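Only a predicted model underlies this, so the values are computations on that prediction, with no experimental measurement involved. Below, read A as the first sequence line, B as the second, and so on, with proteins coming before strands; counting in each chain starts at 1.
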Amino acid sequence: MPKFNPISISGDHMQEAGATPVLELALTLANGLTYVKAAQQRGLNLDDFAGRLSFFWGIGMDFYPEVAKLRAARLLWWRIMQKFGAQEDKSSKLRAHCQTSGWSLAAQDPYNNVVRTTVEALAAVFGGTQSLHTNAFDEAIALPSDMSSRIARNTQLILQEETNITAVVDPWGGSYFMESLTKQIADAAWQIIEDIDAMGGMIRAIESGWVNQQIEESAAAKQAKIDSGKIVIVGVSKYRCDHEAEQETLRVDTTKVRESQLQLLSDIKAARDCDAAREALEAITRCGYDGKGNLLELSISAMKARATVGEVSEALEKCFGRYTAEARLVSGVYGPNYGDHDHWAQLKTRIAGFSKRHGRPPRVLIAKLGQDGHDRGAKIVASSFADLGFAVDIGSLFQTAEECARQAIENDVHAIGVSTLSGAHTTLVPAMLDELKRQGGDGICVFVGGVIPRQDYSALYDSGIIGIYGPGTPIPDAASGVLEGILNRLES
Amino acid sequence: MSAMRDNHLAQDLTSKDILLRRRALSKAITLVESSRIDHRQRGDELLDELFPKAGSSFRIGITGPPGSGKSTLVDAMGLMLIEQGHQVAVLCVDPSSNLSDGCVLADKTRMHRLACSDNAYIRPSAGSAGYGGVAQQTRAAIRLCEAAAYDFVVVETVGVGQNECAVAAMTDMVLLLQGPTPGDDLQVIKKGIYEHVDLVVVNKVDLARAAALKAQRRIASALRLTRYGARHVSPHLQPTPRVCTVSAVTGDGLSTLMNSITLYQQEEARNIAGRRMIQDKTWLEESIGSQALSKIKADEYLRTMFNALVDLVHAGRRAPPAAARQLLALVSEHPESFAPRGQNGATA
Ligand code: B12
Ligand SMILES: Nc1nc2c(ncn2[C@@H]2O[C@H](COP(=O)(O)OP(=O)(O)OP(=O)(O)O)[C@@H](O)[C@H]2O)c(=O)[nH]1
Ligand SMILES: [Mg+2]
């Protein structure tokens with residue numbers, strides 16, 4: 001398989017969703033070996049493809065473990081590939097791309113993020129990454145501007161061309177501390193890989209919800225430790241800046257983007273040979289059902305006939321169905337990790353008081369609208385709100401404005417909390433408010449959380465939003481604001 | 001004030017406008033679930049007003065261990081029922097969650113298609129320490145759905161051993177759902193859960209067909225030892241399968257399951273009517289409370305009143321909670337009948 005990269009086996013998205021470095025390492029390698037097995041089952045010869053696999057790690061702020069993680073990854077992959085019986089050296093070598101963590105970057109005092117990204121980039125380089133993605137300092141605010149992207153790129157260039165840091169392979173090799181940390185991390189990850197094997201493999205582990213649960217527990221615990229001050233984030237949980245200047249950010253007109261994309265699609269459909277496209281799509285569905293042929297090959301020919309990504313997905317969906325994300329939530333993780341704080345207990349008491357006074361707990365629908373798969377925040381909010389005593393309804397991922405409003409009315413919630421990170425809030429939130437009104441649910445309070453640039457606040461408030469909670473909001477503050485908003489609405 | 005508002009509620013709840021009806025039904029269910037005394041009162045009165053319009057649905061309970069696929073199956077079944085022209089209401093109750101602990105209600109994410117249908121209504125409820133417990137609130141919610149013109153009501157509840165019995169006490173038919181692995185049914189057999197179940201469904205055949213078929217045989221023979229054994233030797237043999245295998249995801253076996261339900265509905269019509277009479281009387285008795293009830297039974301006048309109200313309930317003219325209120329008011333108007341007989345004479 002010369003010069004063809006069939007897959008980038010990713011751990012980054014799991015770390016960004018909340019996994020610790022050890023968990024990320026274990027889950028990613030477990031995924032990797034599952035791919036290898038699948039390729040072998042299809043009759044591929046191990047040494048023909050193994051050398052072309054590559055990995056993708058996230059690199060967070062915990063410096064030494066991140067360096068050690070990359071070293072441990074190479075060790076363990078070699079071990080795994082030896083077990084598979086790899087003959088060629090290349091097959092057992094782990095190639096990796098790394099991305100510095102976007103989650104670690106704050107919306108508050110954003111220039112601090114340049115420093116964070118530099119430290120993370122350094123860990124990736126020390127750990128021996130083959131390629132690197134550094135994030136822009138306005139990561140938690142909007143898509144990067146030209147200026148912030150330039151600095152992100154220059155961070156790499158400075159490391160590469162000014163410092164000679166890249167001149168040495170494995171500069172930490174031989175350090176007693178780093179070698180023993182590497183072994184610790186490798187052992188801990190290996191244990192998890194064996195546990196997964198005992199569960200019947202990674203596919204079973206994913207289907208059972210175990211994998212998500214591990215990641216979400218770790219995410220909730222981390223959030224609780226930040227909110228309670230056990231983990232320090234400069235400018236967020238400590239050393240806050242009093243007068244923050246508003247950040248100039250890239251502005252995207254989401255309505256226009258949508259229109260131009262729709263136009264593009266209809267142009268393509270008007271210009272193509274529709275019969276050819278339809279036949280190519282039908283061939284995909286047929287192959288899905290009877291297993292005769294190669295789906296990738298058929299998808300490529302469908303695309304050559306100008307079928308769209310959506311149409312190809314639909315053709316596949318006909319026989320394989322659509323994946324819906326598991327909505328089981330972790331519970332009782334945030335509360336205990338937050339620890340014994342008076343205001344946590346007071347908040348619980350206030351919520352219990354609400355339940356008594358109003359005959360039921362404050363009921364909130366936590367919703368995700370549109371094509372936005374960022375569910376880390378929504379899940380943490382939902383699970384910690386439930387720990388506090390709220391009755392929490394969960395909306396499906398990718399809900400439409402209409403579905404969301406309907407669910408809120410049917411479940412008779414006091415409030416909807418929309419978690420929005422995709423940048424579509426200026427279109428989708430007002431659309432949802434209109435739907436609420438149309439369906440008779442205008443008594444329901446609406447709150448918004450997620451990545452929302454300051455410039456959009458006033459428009460959102462004007463459309464009728466009660467509160468906005470951006471990145472870095474401690475959960476108790478959000479909960480107390482939502483409770484207050486509901487009470488005001490009920491009493492007026 | 002509140003009476004007027006609830007007047008609207010009753011009107012809206014039976015309105016032709018789907019948006020009005022849905023919203024009113026939601027508000028009404030909140031009232032009957034509330035733990036506040038004034039809400040209860042209003043909820044009971046509303047239910048009493050709407051009661052004559054309720055009663056015309058088929059009520060089916062779906063229970064089974066967490067993750068066995070209940071919500072996924074309800075989604076698939078619901079769509080088929082709607083295709084047959086039904087209006088489907090789904091009540092998801094989780095009695096294990098507790099009012100003060102907060103809770104997460106996520107079943108709807110597994111009923112995505114049904115949740116979007118105009119002919120469906122789905123309401124997840126938090127179990128609460130409120131009025132009368134989950135069972136009473138759900139009974140009331142079922143009637144409210146019926147008054148709002150839903151003619152097929154599904155109650156989904158996690159099966160943990162006791163809930164099967166509670167669901168059986170408020171529905172016409174109980175489906176027990178389980179996975180194909182042997183552990184799933186051994187426990188169930190031990191706990192005697194099958195006694196309350198009218199149809200066992202082994203789900204997820206797509207994952208393990210052979211294991212599912214084995215489970216089907218294993219359960220069928222276990223069932224022969226329970227109340228079904230008696231029916232099997234009795235003259236009116238039932239042609240419907242007692243144990244189905246399905247895949248809620250692929251739809252495999254679904255139409256057989258639906259047929260079994262329809263057959264049950266037809267063949268058991270007599271038994272269902274009897275079952276409902278018992279259920280409604282129990283509902284009334286539970287609303288009265290065991291202490292007051294024993295006093296009522298001991299007093300001739302109150303007993304007569306009780307029997308009259310039971311008849312009204314059975315005729316569909318009075319709702320048990322409101323009927324119970326009326327009786328309790330009578331009880332407090334006749335305090336002397338409260339006292340044990342012997343003492344009565346002594347103080348006079
Ligand atoms: C983690 C992350 C991911 C993970 C998501 C993992 C997961 N399962 O959630 C991965 C790696 C998969 C991912 C993918 C992508 N991402 Co991303 N991602 C992020 C990142 C780095 C952090 C988000 C996060 O989880 N933060 C931690 C949680 C706890 O915080 P939070 O969600 O903000 O929630 C807090 C508050 O906002 C508030 N809150 C949130 N919701 C609610 C709701 C209520 C009711 C209340 C009261 C409060 C509240 O309370 C929470 C606690 O403080 C952000 C940047 C950033 N730093 O914010 C980009 C970001 C959101 N991603 C972005 C993009 C572009 C993408 C991709 C499109 C990239 C790509 N080209 O593939 C994909 C799209 C994925 C998809 N299907 O939607 C952009 C969005 C741009 C925009 N808005 O204009 C961002 C802003 C980065 C950037 N600047 O470019 N991403
Ligand atoms: N393969 C397969 N998976 C199924 C089937 N039915 C349900 N599932 C999966 O099983 C998991 C649980 O399904 P739910 O429908 O949420 O189960 P439930 O019994 O309602 O769960 P709780 O309400 O949490 O008790 C989901 O991941 C479903 O996709 C089936 O027939 N086949
Ligand atoms: Mg369910």
- Query: Does Ser35(B) use its side chain to pair, donor to acceptor, with the backbone of Gly359(A) at less than 3.5 Å?
  - Reply: yes
- Message: Is there a side chain to side chain contact (heavy atoms under 4.5 Å, CB included) between Glu403(A) and Cys116(B)? Walk through the geometry before answering.
- Response: CA-CA 7 Å; Glu403(A) 289 162 9; Cys116(B) 297; 3.4 Å; yes
- Query: Are the side chains of Val104(B) and Ser331(A) in touch, meaning some heavy atoms are under 4.5 Å apart?
  - Reply: no
- Query: Above 12 or not: heavy atoms from other molecules or residues under 6.0 Å from CG of Leu79(B)?
  - Reply: yes
- List the steps, then state whether side chain to side chain contact (heavy atoms under 4.5 Å, CB included) holds for Arg123(B) with Asp412(A). CA-CA 9 Å; Arg123(B) 172 69 172 242; Asp412(A) 196 21; 3.6 Å; yes
- Look up atom CD1 in Ile18(B) and atom CD in Gln439(A), then write down how far apart they are to the nearest 0.5 Å. 10.0 Å
- Query: Is it the side chain or the backbone of Arg363(A) that comes within 4.5 Å of chain B heavy atoms, both, or neither?
  - Reply: side chain
- So with a 6.0 Å cut-off around CG of Asp342(A), is the heavy-atom count from everything else above 12? no
- Message: Quick check: do Asn411(A) and Lys108(B) have side-chain heavy atoms less than 4.5 Å from each other?
- Response: yes
- Query: Any donor and acceptor pair, going by atom type alone, linking the side chain of Ser26(B) with main-chain N or O of Ile409(A) inside 3.5 Å?
  - Reply: yes
- Query: Rounded to the nearest 0.5 Å, how far does CG of Leu207(B) lie from CZ of Arg204(A)?
  - Reply: 6.5 Å
- Task: Determine whether Arg406(A) and Arg22(B) make a side-chain contact, defined as any pair of heavy atoms from C-beta on separated by less than 4.5 Å.
- Result: yes
- Got a donor-acceptor contact below 3.5 angstrom from the Arg36(B) side chain to the Arg357(A) backbone? yes
- Message: Between Arg360(A) (side chain only) and Ser34(B) (backbone N and O only), is there a donor and an acceptor less than 3.5 Å apart?
- Response: no
- Task: Could you look at Ile122(B) and say if it's the side chain, the backbone, both or neither that has a heavy atom under 4.5 Å from chain A?
- Result: both
- CG on Asp393(A) to CG on Leu105(B), rounded to 0.5 Å: 4.5 Å
- Is any side-chain heavy atom of Arg438(A) less than 4.5 Å from a side-chain heavy atom of Leu19(B)? yes
- Note on the structure: Under 4.5 Å to a heavy atom of chain B? For Gln407(A) that would be both
